[in-house]
Amino acid sequence: MVLPNILLTGTPGVGKTTLGKELASRSGLKYINVGDLAREGQLFDGCDKEYDCPILDEDRVVELENQMREGGVIVDDHGCDFFLEHWFHVVFVLRTDNNILYKRLETRGYSEKKLKENIQCEIFQVPYEEATSSHKEEIVHQLPSNKPEELEDKIH
Ligand code: DAT
């Protein structure tokens, strides 16, 4: 039996990492944080000078593809830019009320500009739009992520 692959997405600060790690430790599924991979330079191969955007390291994406084929992977990323539709059996978009999200991001020491951008991203449901435009709507579910009890509910 192939275990499912789960994508956890949403605006920064909604709780993807917290939920992803907890789920992984309780279920034995493998947790992959795409932001961390990118920061470690494992997914991107430098920067395109002309367009000033990161260049994906194709070899690393193929590696990711192989892991997806094996199944049982929880992927945590704020977007779903380069993911292939067939990778995921289910996509969860975590949602947090603006006031709560604002406080969480403030604690992270985000600048006013970055705070505003992220709150707007949450208000305009950018991650949900992105998830439903790149995956079948019936596998995309929104989950509230405001209180610790909601985290527990999801795990059970
Ligand atoms: P993300 O990975 O989406 O950026 P995170 O997992 O780092 O978010 O969580 C950001 C902060 O919010 C962190 O201090 C933990 C807290 N948090 C996450 N989920 C929560 C929940 N359901 N209830 C209360 N706090 C939560």
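First listed ligand is number 1; within each ligand, the first listed atom is number 1.
Of all protein heavy atoms, the one closest to atom 8 (O) of ligand 1 is Gly15 N, 3.0 Å. Here the heavy atom of the protein found nearest to atom 17 (N) of ligand 1 is Arg104 CZ, 3.8 Å. Shortest contact from atom 2 (O) of ligand 1 to any protein heavy atom: Thr17 OG1, 2.6 Å. In terms of protein heavy-atom proximity, atom 6 (O) of ligand 1 is nearest to Thr18 OG1, 2.5 Å.
Under the 3.5 Å distance criterion, the side-chain polar atoms of Arg95 are matched with a main-chain donor or acceptor of Glu122. Side chain of Glu65 to main chain of Val61: no donor-acceptor pair is present (N/O by atom type, distance under 3.5 Å, no hydrogens or angles).
Any N or O atom pair closer than 3.5 Å counts here, and Leu19 shares no such pair with ligand 1. The shortest N or O to N or O distance between Asp76 and ligand 1 is not under 3.5 Å.
Under 4.0 angstrom from ligand 1, the non-hydrogen atoms of Lys147 all belong to its backbone. With a 4.0 Å heavy-atom cut-off, ligand 1 is reached by no atom of Leu94. For Arg108, every heavy-atom contact with ligand 1 shorter than 4.0 Å involves the side chain, none the backbone.
Checking Val140, Val34, Val91 one by one against Thr9, the side chain to side chain contact (heavy atoms under 4.5 Å, CB included) holds for a single residue, Val91.
Of all the atoms in ligand 1, the ones that sit under 4.0 Å from a non-hydrogen atom of Pro12 are 4 (O).
A heavy-atom distance below 4.5 Å is not found between the side chains of Lys16 and Ser145. The side-chain heavy atoms of Glu70 and Lys30, taken from C-beta on, include no pair separated by under 4.5 Å. Residues Tyr31 and Val73 are not in side-chain contact: their nearest non-hydrogen atoms beyond the backbone lie 4.5 Å or more apart. Between Met68 and His86, the closest side-chain pair of non-hydrogen atoms is not below 4.5 Å.
Taking a distance limit of 4.0 Å, we find that atom 14 (O) of ligand 1 is approached by no protein heavy atom.
The shell of residues lying under 4.0 angstrom from ligand 1, judged by heavy atoms, excludes Gly10.
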Between Asn33 and Thr17, is the side chain to side chain contact (heavy atoms under 4.5 Å, CB included) condition met? List the steps.
CA-CA 8 Å; Asn33 186 312; Thr17 306; 3.7 Å; yes

